[in-house]
Amino acid sequence: YEKDVECGGGYMKLGPKMDDATTFGDPTAYNIMFGPDKCGYTKRTHLIFNYKGKNVLKKSDLAYKQEGEGTSHLYRLVVRPDNTVRVEIDEEKI
């Protein structure tokens with residue numbers, strides 16, 4: 001994050017086509033939400049799938065690598081046709 005924030009995220013939401021993109025915000029329908037999030041002492045990497053209107057979170061915690069100022073990180077989510085996923089941060093499988 002560019003500035004010290006108490007609550008905020010660098011995650012992205014992938015979802016269905018929107019009729020009016022200016023309405024994007026919270027809440028906005030999504031199929032996948034992925035990326036780092038911080039709120040107070042809670043720091044995590046989100047991986048949430050929305051299936052039939054319900055949010056399905058990854059059962060185990062994913063690493064959070066946003067510590068330190070001014071360092072960018074590359075987050076990668078690979079979703080395979082067999083419904084398995086792989087998460088990488090800075091090309092390291094987590």
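Values below: every heavy atom of this structure, side chains too, minus hydrogens, waters and symmetry copies.
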Other than Val78, which residues form its hydrophobic cluster under the rule that side-chain heavy atoms must be closer than 4.5 Å?
none
Count I, L, V, M, F, W, Y as connected when their side-chain heavy atoms are under 4.5 Å apart, and connections chain through other members. Are [X] and [Y] then in the same cluster?
X	Y	value
Val85	Ile32	yes
Val87	Phe49	yes
Leu14	Leu57	no

Return yes when atom CG of Asp20 has more than 12 non-hydrogen atoms of other residues, nucleotides or ligands closer than 6.0 Å, and no otherwise.
yes
Atom CG of Asn83 with >12 non-hydrogen neighbours under 6.0 angstrom
no
Ignoring hydrogens and geometry, is there a side-chain-to-backbone donor-acceptor pair from Asp90 to Glu92 under 3.5 Å?
no
In short, Glu88 meets Lys93 closest at the heavy-atom pair CG-CA, 4.1 Å
Of all heavy-atom pairs linking Pro16 and Ala29, the shortest is CD-O, 4.0 Å
Side chains of Leu47 and Leu77 in contact at under 4.5 Å (non-hydrogen atoms):
yes
Min side-chain heavy-atom separation Met12-Met33 under 4.5 Å
no
Steps toward side chain to side chain contact (heavy atoms under 4.5 Å, CB included) verdict (Lys38, Arg44):
CA-CA 7 Å; Lys38 171 186 169 185; Arg44 60 183 163 203; over 6 Å; no
Would you compute the distance between atom [atom1] of [X] and atom [atom2] of [Y] and round it to the nearest 0.5 angstrom?
X	Y	atom1	atom2	answer
Met18	Thr23	CE	OG1	3.5 Å
His73	Thr45	NE2	OG1	10.0 Å
Thr42	Asp37	OG1	CG	9.0 Å

Is it the case that the side chains of Asn50 and Asn31 hold a donor-acceptor pair, with the cut-off being a distance below 3.5 Å and no angle test?
no
Can you run down the ring-ring contact (aromatic ring centres under 6.0 Å, His included) pairs that involve residues 9-35, sequence neighbours left out, and say none if there aren't any?
Tyr11-His46
